[in-house]
Amino acid sequence: MAPVTSLTASVNARLVDALASALPEADGVDPLLRRSDRADYQANGILALAKKAKANPRELATRVVAQVESGEMIKEIEVSGPGFLNITLTDRAITENLAARYADAEGRLGVPFAEHPGTTVIDYAQPNVAKEMHVGHLRSAVIGDAVVQILEFTGENVVRRHHIGDWGTQFGMLIQYLDEHPHKLDHKDTQVSGEEAMSNLDRLYKAARKLFDSDEEFKTRARRRVVDLQAGDPHTLATWQRFVDESKIYFFSVFEKLDMEIRDADIVGESGYNDMLDETCRLLEESGVAVRSEGALCVFFDDIKGPDGNPVPLIVKKSDGGYGYAATDLSAIRDRVFNLKANSLLYVVDARQSLHFKMVFETARRAGWLNHDDVKAFQLAFGTVLGKDGKPFKTREGETVRLVDLLDEAIDRATTVVREKAGKMDLAEEEIVENGRYVGIGAVKYADLSTSAVRDYKFDLDQMVSLNGDTSVYLQYAYARIQSILRKAGEASPAAHPELELAPAERALGLHLDQFGETLAEVAESYEPHKLAAYLFKLATLLTTFYDQCPVLKAETPEQMANRLFLVDVTARTLHQGMALLGIRTPDKL
């Protein structure tokens with residue numbers, strides 16, 4: 001099916017043509033069309049145009065109105081104030097537009113694909129091998145997954161990358177300890193849970209660290225193991241691989257609980273770029289982008305200085321010959337640009353690493369690996385998860401909160417809420433448990449995604465699982481309520497009736513539904529999923545007003561009932577699709 005042109009785009013095109021007819025030099029000028037409380041739309045572009053053309057804005061607006069081709073779309077267009085245009089659409093145009101979206105057999109609601117899709121590599125959800133995931137890992141995973149879903153929906157070729165921490169000096173300690181205590185990673189049976197895998201790793205790490213700190217001879221042996229690992233010694237690499245595999249069991253269990261798809265092929269950790277590090281450094285040094293300073297290979301920047309006023313360099317290679325994070329990140333950029341042929345590199349990484357990425361991106365630009373025309377790199381920086389007290393989220397003991405504990409508590413709270421409502425819906429225990437998981441995980445994700453990524457946000461489970469306010473539960477119940485109405489409709493089916501007059505609440509709902517595609521395009525362009533969350537919350541709010549003012553099953557005529565069933569069904573499909581793009585499920589019964 002061909003994409004459906006939005007009402008906004010159709011009205012805008014008519015205004016562009018009318019402007020050009022009224023004032024030839026205005027050809028292609030943006031009418032600045034916006035939704036309005038005074039009418040369906042207001043166009044403000046004539047004011048600036050009149051000033052430039054030294055014309056009277058109201059007179060120019062009147063000439064434009066005379067040129068507008070209204071047809072069956074525009075019911076009324078009038079000049080307001082100093083030269084605004086207020087535009088009201090016909091009810092028929094609204095209903096026919098929704099009917100076209102409803103008929104989309106592909107389930108896209110008529111949303112078009114992007115005109116010029118490219119290839120975007122998204123670096124997100126970056127846990128560390130042999131370490132537990134904590135609340136700090138939540139935002140990268142949730143935000144990154146939502147952006148992946150949204151970009152793929154628009155037609156972008158998305159390459160997912162999970163840049164896990166799987167290399168470095170700590171592995172010498174771990175490998176040496178496991179060699180000397182070979183049964184520390186053994187399991188009771190072959191079916192290993194994520195919790196058991198991490199429990200073994202955690203015990204081993206603590207024991208290895210204790211020995212490393214207290215035994216100088218072990219410390220020496222562990223450091224030799226780092227050299228063996230970097231040199232590619234087969235036995236050392238095989239032991240290292242055990243740590244990686246064990247950690248992946250745990251990672252996958254956490255991501256499954258988060259209701260996220262993480263594919264093994266997409267996990268390319270720091271180790272994946274080892275073979276490129278020497279060449280990366282050589283290219284930077286030969287091109288003069290990096291220079292030797294006190295034995296280290298560094299890149300300097302005029303605008304980045306320390307508290308003492310001296311330049312702060314990006315250290316690519318340390319004076320002892322070891323490589324820093326910069327060498328790995330720059331090698332990853334080379335791989336993503338030249339091997340994966342990416343047009344966009346997107347890093348969903350904590351805002352506290354912004355300076356590092358600023359220096360890495362600038363270094364890559366100087367080296368010619370990034371440029372504004374062909375390849376862009378962008379850090380989607382995110383803020384901190386805070387507790388109710390407004391401070392970084394910690395346990396009572398002051399430790400970082402384990403991600404699994406946080407998710408389990410969210411599911412428990414949500415299951416209690418679902419169970420309290422279960423009697424009305426006659427839900428079986430299995431459905432209560434399943435819906436509790438969907439509601440709990442949805443609550444955690446939505447609380448994150450409904451906040452601008454750059455801002456910190458408070459983690460308040462009581463608010464997250466509330467049926468009131470801007471929460472995922474409110475949206476999920478809106479969807480479930482529609483499904484209940486559709487079930488109760490019996491033999492009556494949703495059907496569009498463009499000939500019917502629409503009530504104000506029906507018009508408001510229809511006009512907002514029309515903006516779904518434009519909202520997605522804006523979100524995909526700016527990497528701001530919170531704008532999609534805001535759109536969906538407003539949709540659910542308009543739906544509530546519609547329920548209050550427009551009876552569905554007790555409509556005045558069969559035609560009106562069918563049309564209102566059609567309106568709520570389009571709304572349900574939009575909620576379902578929008579929530580899915582945020583990684584949130586919408587159960588049919590709640």
Side-chain angles (χ1 to χ4, degrees), residues 138 142 146 259 385-390 393 406-407 409-427 431-452 455-486 488 504-506 508-509 512-513 519 529-552 567-568 571-572 574-590:
L138 177 66
V142 170
D259 202 13
V385 181
L386 306 176
K388 290 183 182 181
D389 58 2
F393 202 53
L406 182 148
L407 298 178
E409 185 178 356
I411 292 170
D412 288 345
R413 295 275 193 97
T415 302
T416 300
V417 173
V418 172
R419 194 179 300 281
E420 288 172 354
K421 302 286 183 180
K424 297 179 181 178
M425 295 304 302
D426 194 27
L427 294 180
E431 291 175 301
I432 293 172
V433 171
E434 183 179 73
N435 287 354
R437 176 171 174 248
Y438 293 156
V439 171
I441 296 302
V444 170
K445 289 184 176 182
Y446 188 84
D448 192 317
L449 295 170
S450 59
T451 304
S452 174
R455 293 176 53 198
D456 300 340
Y457 81 97
K458 291 184 180 180
F459 195 92
D460 183 347
L461 275 176
D462 291 329
Q463 174 57 30
M464 288 180 187
V465 299
S466 171
L467 297 175
N468 302 311
D470 189 4
T471 66
S472 67
V473 193
Y474 178 68
L475 302 181
Q476 287 169 321
Y477 266 96
Y479 177 83
R481 189 176 184 183
I482 294 173
Q483 299 309 312
S484 176
I485 288 174
L486 293 172
K488 292 176 182 177
E506 293 174 301
L509 188 61
H512 191 67
L513 287 165
T519 299
H530 73 275
K531 291 183 177 179
L532 175 56
Y535 169 88
L536 295 171
F537 175 62
K538 184 174 181 182
L539 180 60
T541 303
L542 290 169
L543 182 68
T544 300
T545 303
F546 167 85
Y547 283 141
D548 292 341
Q549 299 178 7
C550 305
V552 178
L567 270 175
V568 296
T571 302
T574 306
L575 280 171
H576 175 77
Q577 182 63 75
M579 293 286 271
L581 293 176
L582 296 179
I584 300 173
R585 306 265 186 162
T586 44
D588 285 352
K589 295 180 180 180
L590 270 182

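The figures here come from the full heavy-atom set of this structure, side chains too, leaving out hydrogens, waters and symmetry mates. Keep in mind the model is a prediction, meaning the values are calculated, not measured.
In this structure, Lys445 NZ and Ile584 CD1 are separated by 7.0 Å, a value rounded to the nearest 0.5 Å. A distance of 9.0 Å separates CD of Glu420 from CG of Leu467, quoted to the nearest 0.5 Å. Atom CG in Leu509 sits 9.0 Å away from atom OG1 in Thr574 (nearest 0.5 Å). Atom-to-atom distance recorded for His512:NE2 and Phe546:CZ is 15.0 Å, nearest 0.5 angstrom. Summarising the geometry, atom CD1 belonging to Ile432 is positioned 13.5 Å from atom NZ belonging to Lys421; distances are rounded to the nearest 0.5 Å. The distance from atom CG of Leu575 to atom CG of Leu539, rounded to the nearest 0.5 Å, is 4.5 Å.
Contact annotation: the side chain of Ile482 approaches that of Leu543 to within less than 4.5 Å [non-hydrogen atoms, C-beta and beyond]. Between Met579 and Gln476, some side-chain heavy-atom pair lies under the 4.5 Å cut-off. A 4.5 Å side-chain heavy-atom check between Val465 and Thr471 finds every atom pair outside the cut-off. With a 4.5 Å cut-off on side-chain heavy atoms, Leu486 and Gln483 count as touching.
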Practice task
Kindly indicate, with the supporting measurements, whether the criterion side-chain contact (heavy atoms from CB on, under 4.5 Å) is fulfilled by Leu386 and Tyr457.
Solution key: CA-CA 6 Å; Leu386 306 176; Tyr457 81 97; over 6 Å; no
Margin query: Could you go through Val439 and Val417, starting from their C-alpha distance and side-chain angles, then the distance that decides it, and tell me whether this counts as side-chain contact (heavy atoms from CB on, under 4.5 Å)?
Written below: CA-CA 9 Å; Val439 171; Val417 173; 5.9 Å; no
Does the side-chain contact (heavy atoms from CB on, under 4.5 Å) test come out yes or no for Thr451 and His530, once each step is laid out?
CA-CA 6 Å; Thr451 304; His530 73 275; 5.9 Å; no
(request) Please assess Phe459 against Met464 for the test side-chain contact (heavy atoms from CB on, under 4.5 Å), listing each intermediate value before the final yes or no. (result) CA-CA 8 Å; Phe459 195 92; Met464 288 180 187; 3.3 Å; yes
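The list of side chain to side chain donor-acceptor pair (under 3.5 Å) pairs with a residue in residues 540-552, not counting sequence neighbours, reads Tyr474-Thr544.
Across every non-hydrogen atom of Leu582 and Leu532, the tightest pair is CD2-CD2, 3.8 Å. Between Ala478 and Ala540, the shortest heavy-atom contact is CB-CB, 4.2 Å. Heavy atoms only, all atoms of each residue included: Cys550 and Ala505 are closest at SG-CB, 4.0 Å. Residue Ala508 comes nearest to Leu542 through the heavy atom pair O-CD1, 3.8 Å, listed as atom of the first residue, atom of the second, then distance. Between Ala146 and Pro529, the shortest heavy-atom contact is CB-CB, 4.3 Å.
A distance-only check finds a donor-acceptor pair linking the side chain of Asn435 to the backbone of Lys589 [under 3.5 Å].
Partners of Asp462 under the side chain to side chain donor-acceptor pair (under 3.5 Å) rule, at least two apart in sequence or in another chain, are Lys388, Arg413.
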